[in-house]
Amino acid sequence: MADNIRVRFAPSPTGPLHIGGVRTALYNYLFARQNGGKMILRIEDTDQTRFVPGAEQYIIEALTWLGIEFDEGVHVGGPFGPYRQSDRKEMYRQYSDQLIENGWAYYAFDTPEELDIIRKQYEAEKKAFQYDASTRDKMKNSLTLPTEEVKNLLESGAAFVVRFKMPENEEIHVQDLIRGDVKVNSGLLDDKVLFKSDGMPTYHLANIVDDHLMDISHVIRGEEWLPSAPLHVMLYKAFGWEDTMPMFAHLPLLLKPDGNGKLSKRDGDRLGFPVFPLRWTDPVSGEVSSGYRESGYFPEAVVNILAFLGWNPGTEQEIFSMQQLIDAFSIERISKSGAKFDLEKAKWFNHQYLIHRDDTELAQLFQNVVAEKCVNADFERVKEVCPLVKERASFVNDLWDQAKFFFVAPESYDEQIIKKRWKEDTPTHLNRISEIIASTQPFSKDQAHDRVMEYIQQNSLNTGQIMNCLRLSLVGAAMGPDLFAIIGILGIEETQNRIRKAVDTIKI
RNA sequence: GGCCCGUUCGUCUAGCUGGCCUAGGACAUCAGAUUUUCAUUCUGGAGAUCAGGGGUUCGAAUCCCCUACGGGCUACCA
C-alpha cells in the first residue's frame, strides 16, 4: 500500500443518502482507518438542477450518527479545501483550458436541442448516436469550425461545452482492486462533456481534478462508475497525472430484496424496511421516508449489517464492532456480485446488539419508551425488567410489548386461555395463593415459589392449570418470563390486586 | 442495440494458489427436547448436482471457451 492513504466519500446532495451510499462511505472509512490514512468528505454539487436543500446536512448527520468520522471535509475543513465543488468552481476552467491547449479536448457549440434532434434521427434508423471520433467532424465544434468563427463565438458569449477528445482506437486498462484488469477500447467511448455551458464542470472533470488536487490515493465507489472509469483513466493520462493516479475499487451494488435491479430510494417503504439511515422529509413533496435510526436500529448494528453486505472476514464471526471491522477489513475480500438486503438478518443483528448492551444503558433507552407509553415508571423497575425480556426483542420498542404488564395491569384476559384453563374452583385457589404470597416471610420470588408449589402439591392440584391461571391474572396472557420473577417485581400488593381483579372479572 | 461487470442453499456468504467439498457457516424455515405459558436455549433435519454446455487435467465449484440469465452504464446527472 502507498505511504499516504487518502480516500474520499463524494456524494451529491441530491437527496438523502441511501444505505448503498452509506456502505460506500463505511468501506472508505474502514480502509482509511486501517491504514492510518485520511478520510475526506467532498460534496459534489456540480449539478445545480438537482440540488436539494438539507441533503448535505443530512449526509453529515447520518454518517455522524453511524460513527463514520472524517479527517477533512466540508464540515471540518482541512488543508485541501474547499471541499464543496461549487466553492471550487473557479479552478476547474483552467483545467479544461489545459486539455484544450494540449489537444485533448475541444469546444462544442451544439445545443441540447440540436443534439436531441440528431439523436432522434439516429433512433429512427434504429441506431444510437454517439458524439465521438466517427461523428464529431460533422458537428458544430472547434474541430470543424474555422478558428476565426470559434474565436468569435467564444467572444460573443455563445453557449459552449468542452468535450473530451476520446482517441479513436486505444486499449484502455483499468486496474480494479476488486475486479482485476478491466479493459475497453476507446473507440467505444464517446466524447464526454467535461465542462458545461453553465460554467460548471461535469462529474468527470471535477472528480479527476479534485482527486488529484486532494492527493487521493484510492477511489472506492459503487460499481455504477465502472463504465466511466476508462474515461477517468484517460483523463489522468491527458493531464499527465498517470504516476499519481489513484487505485480503483468498484463496489458491488446493493440490490432490491425482491425481484431485480439496484436498490432505489423508493424500495424501502414499499418492502417494509428503511433504505435511509435517518428519516427524511422531502422538502418539496413533503413525503416522508423512514430511517434506521427512527426505526429503532442501533448505529453499531447498521454498521455491522452494511459491512457484511458485500464483505466478510472469512471467519465465522459475524458480530463486529467498528474497531474490529477496521482491523479485519480488506478490499481483497469484497465480493464481486451484488447483494440483496435481508430484513430478517438485519433484525437479528440488531437483536444481537440489543441483548449484549449493558443493562443500565438498555434500561435508559427503554425508560424513554415506557415514559411515552404510561405514567412515571421507576427506573429501578425498568432496569430489573430489561434483562428478563430482552431475549425476546429485536428493538427497544419491542421491549414494551414484552414487558408492558410490569407497568400496567392487564385490561383484558386471553379468552383462549380462560377457556382452556379456568375452572370453577380456580378463584378459590387463586385467592388462597394470593394470601400465601402475601404471608410469605421474608418475601422473595423463591420463597413465594416454594410456598405456592407446596400448596399445589398439598391439594393435589394440576400445576399447569393453576400456574397458567395465575399468569393470566397477572399478565393477561400466556406469555412473559418466569412467573415468580414477575411476582417478585410486581410485589405483594400489586400481585394481590391483580389476582383480585381477575377473580372478579373472569366469568365462565 | 452497444459496452462493461457478475452468476455457490430462499437470503448473506465460505470456497479463490485445482484433490481435505459426499460444498461449510449465518439468517429464515421445519422437527424434537427443556419450560407452569409465550419466548429463549439446546439438539437435529431439510435446503445449492456450485447457471447450462464444452474443454484442460489422473482429478474442477475452483483454470479456459461458448451460451443463457441477471445487473450496471450508454445525458451539458452524479
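Throughout, a chain's letter reflects where its sequence line sits, starting with A, and its residues are numbered from 1. Quick caveat: nothing in here was measured; it's all calculated off a predicted structure. Values below: all heavy atoms of this structure, side chains included; hydrogens, waters and symmetry mates excluded.
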S.K.: Identify, residue by residue, the members of residues 224-237 of chain A with a heavy atom below 4.0 Å from RNA chain B, and return them in order of residue number, or none.
M.R.: A:Glu224, A:Trp225, A:Leu226, A:Pro227
S.K.: Starting from P on B:G2, measure out to CG on A:Asn185 and report it in whole angstrom.
M.R.: 16 Å
S.K.: Are more than 12 heavy atoms from other residues, nucleotides or ligands located less than 6.0 Å from atom CE of A:Met91?
M.R.: yes
S.K.: State whether the side chain of A:Arg179 and the backbone N or O of A:His250 hold a donor-acceptor pair below 3.5 Å, judged by distance alone.
M.R.: yes
S.K.: I'd like to know if the side chain of A:Asp190 and the backbone of A:Asp132 have a donor-acceptor N/O pair within less than 3.5 Å.
M.R.: no
S.K.: State which of B:A78, B:G72, B:C76 makes the closest approach to the side chain of A:Val161.
M.R.: B:C76
S.K.: For the side chain of A:Lys138 and the backbone of A:Ser134, is there at least one donor-acceptor N/O pair under 3.5 Å apart?
M.R.: yes
S.K.: Does atom CD of A:Gln416 have more than 12 heavy-atom neighbours, drawn from other residues, nucleotides or ligands, at distances under 6.0 Å?
M.R.: no
S.K.: Out of A:Val182, A:Leu188, A:Leu189, A:Asn185, which one pairs with A:Ile172 under the side chain to side chain contact (heavy atoms under 4.5 Å, CB included) rule?
M.R.: A:Leu189
S.K.: Centroid separation under 6.0 Å, is that true for the rings of A:Phe298 and A:Tyr353?
M.R.: no
S.K.: Taking atom CD as the centre, does A:Glu168 end up with more than 12 heavy-atom neighbours from other residues, nucleotides or ligands that are less than 6.0 angstrom away?
M.R.: no
S.K.: Quick one: A:Lys127 NZ to B:C3 C1', roughly how many Å, whole number?
M.R.: 18 Å
S.K.: Would you confirm whether the ring centroid of A:Phe341 sits within less than 6.0 angstrom of the ring centroid of A:Phe273?
M.R.: yes
S.K.: Paired with B:U22: which nucleotide, if any, by Watson-Crick or G-U wobble criteria at under 3.5 Å for both distances?
M.R.: none
S.K.: Strictly under 4.0 angstrom, non-hydrogen atoms only: write out the protein contact profile of nucleotides 63-69 of chain B, one letter per nucleotide from the 5' end, B, S or -.
M.R.: -------
S.K.: So which protein nitrogen or oxygen atoms get under 3.5 Å of nucleotides 10-13 of chain B's nitrogens or oxygens?
M.R.:
residue : atom : partner  : partner atom : Å
B:C12   : OP1  : A:Lys340 : N            : 3.0
B:C12   : O2'  : A:Phe308 : O            : 3.0
B:U13   : OP1  : A:Gly310 : N            : 3.0
B:U13   : OP1  : A:Ser335 : OG           : 3.3
B:U13   : O3'  : A:Asn312 : ND2          : 2.7

S.K.: Does the side chain of A:Tyr203 pick up a donor-acceptor pair with the side chain of A:Asp47 at under 3.5 Å?
M.R.: no
S.K.: Both A:Glu344 and A:Leu188 contact RNA chain B. Which one's nearest nucleotide lies toward the 5' end?
M.R.: A:Leu188
S.K.: How would nucleotides 37-52 of chain B be written as a contact map, 5' to 3', with B for base contact, S for sugar-phosphate-only contact and - for no contact, using protein heavy atoms under 4.0 Å?
M.R.: BBBS------------
S.K.: Could you state the atom-to-atom distance from CG of A:Leu474 to C1' of B:U36 in whole Å?
M.R.: 13 Å
S.K.: Can you name the residues that form a side chain to side chain contact (heavy atoms under 4.5 Å, CB included) with A:Pro11, not counting sequence neighbours?
M.R.: A:Phe9, A:Leu17, A:Leu41, A:Ile43, A:Ile59
S.K.: Could you check how far NZ of A:Lys256 sits from C1' of B:G72, rounded to whole Å?
M.R.: 13 Å
S.K.: Think A:Lys192 has a side-chain N or O under 4.0 angstrom from the OP1 or OP2 of B:C77?
M.R.: no
S.K.: Could you check whether atom NZ of A:Lys423 has more than 12 heavy atoms from other residues, nucleotides or ligands sitting under 6.0 Å from it?
M.R.: yes
S.K.: Whole Å only: how far is the CD atom of A:Glu223 from the P atom of B:G72?
M.R.: 9 Å
S.K.: Look at the side chain of A:Arg50 and the base of B:C77, then say whether one donor and one acceptor between them are separated by less than 3.5 Å.
M.R.: yes
S.K.: Does A:Glu411 have more than 12 heavy atoms from other residues, nucleotides or ligands lying within 6.0 Å of its CD?
M.R.: no
S.K.: By the 4.0 Å heavy-atom rule, please label A:Asp401 as base, sugar-phosphate, or nothing.
M.R.: nothing
S.K.: B:C69 and B:C27: how far apart are their C1' atoms, nearest whole angstrom?
M.R.: 26 Å
S.K.: Taking the C1' atom in each of B:A31 and B:A46, what is the distance between them to the nearest angstrom?
M.R.: 10 Å
S.K.: A:Leu254 has an atom CG; how far is it from atom P of B:C5, in whole Å?
M.R.: 21 Å
S.K.: Measuring centre to centre across the rings, with the benzene-like ring taken for any Trp, is A:Tyr297 within less than 6.0 Å of A:Phe395?
M.R.: yes
S.K.: Do A:His212 and A:Tyr236 have a side chain donor and acceptor closer than 3.5 Å?
M.R.: no
S.K.: Write down the protein N/O and nucleotide N/O pairs, taken from nucleotides 29-33 of chain B, whose separation is under 3.5 Å; answer none if there are no such pairs.
M.R.:
none

S.K.: Using the C1' atoms only, state how far B:A60 lies from B:U56, rounded to an integer number of Å.
M.R.: 10 Å
S.K.: Does A:Asp359 pair with A:Lys390 as a salt bridge, N-O distance under 4.0 Å?
M.R.: yes
S.K.: Provide the Watson-Crick or G-U wobble partner of B:C50, both distances under 3.5 Å; none if there is no partner.
M.R.: none
S.K.: For B:G6, give the paired nucleotide (Watson-Crick: N1-N3 plus N6-O4 or O6-N4; G-U: N1-O2 and O6-N3; both under 3.5 Å), or none.
M.R.: B:C69
S.K.: Which value, in whole Å, describes the distance between the C1' atoms of nucleotides B:C12 and B:G52?
M.R.: 25 Å
S.K.: If you measure from the C1' atom in B:A75 to the same atom in B:C66, how many Å do you get, rounded?
M.R.: 35 Å
S.K.: Pairing check on B:A61: which nucleotide meets the Watson-Crick or G-U wobble criteria with it, both distances under 3.5 Å?
M.R.: none
S.K.: Do other residues, nucleotides or ligands put more than 12 heavy atoms under 6.0 Å from the NZ atom of A:Lys404?
M.R.: no
S.K.: Can you see if the side chain of A:Arg119 gets near the phosphate of B:C76 - specifically, an N or O under 4.0 Å from OP1 or OP2?
M.R.: yes
S.K.: Does B:G1 have a Watson-Crick or wobble mate here (both distances under 3.5 Å), and if so which one?
M.R.: B:U74
S.K.: How many whole angstroms separate atom CZ of A:Phe484 from atom C1' of B:U35?
M.R.: 14 Å
S.K.: Of the nucleotides B:G24, B:C77, B:G72, which one has an atom closest to the side chain of A:Lys262?
M.R.: B:G72
S.K.: Would you please confirm or rule out a distance under 4.0 Å between OP1 or OP2 of B:C77 and any side-chain N or O of A:Thr46?
M.R.: no
S.K.: Expressed in angstrom and rounded to an integer, what is the separation of A:Lys336 atom NZ from B:A14 atom P?
M.R.: 10 Å
S.K.: Under 3.5 Å, is there a donor on one side chain and an acceptor on the other for A:Asp110 and A:Tyr131?
M.R.: yes
S.K.: Watson-Crick or G-U wobble partner for B:A33, using a 3.5 Å limit on both distances?
M.R.: B:U41
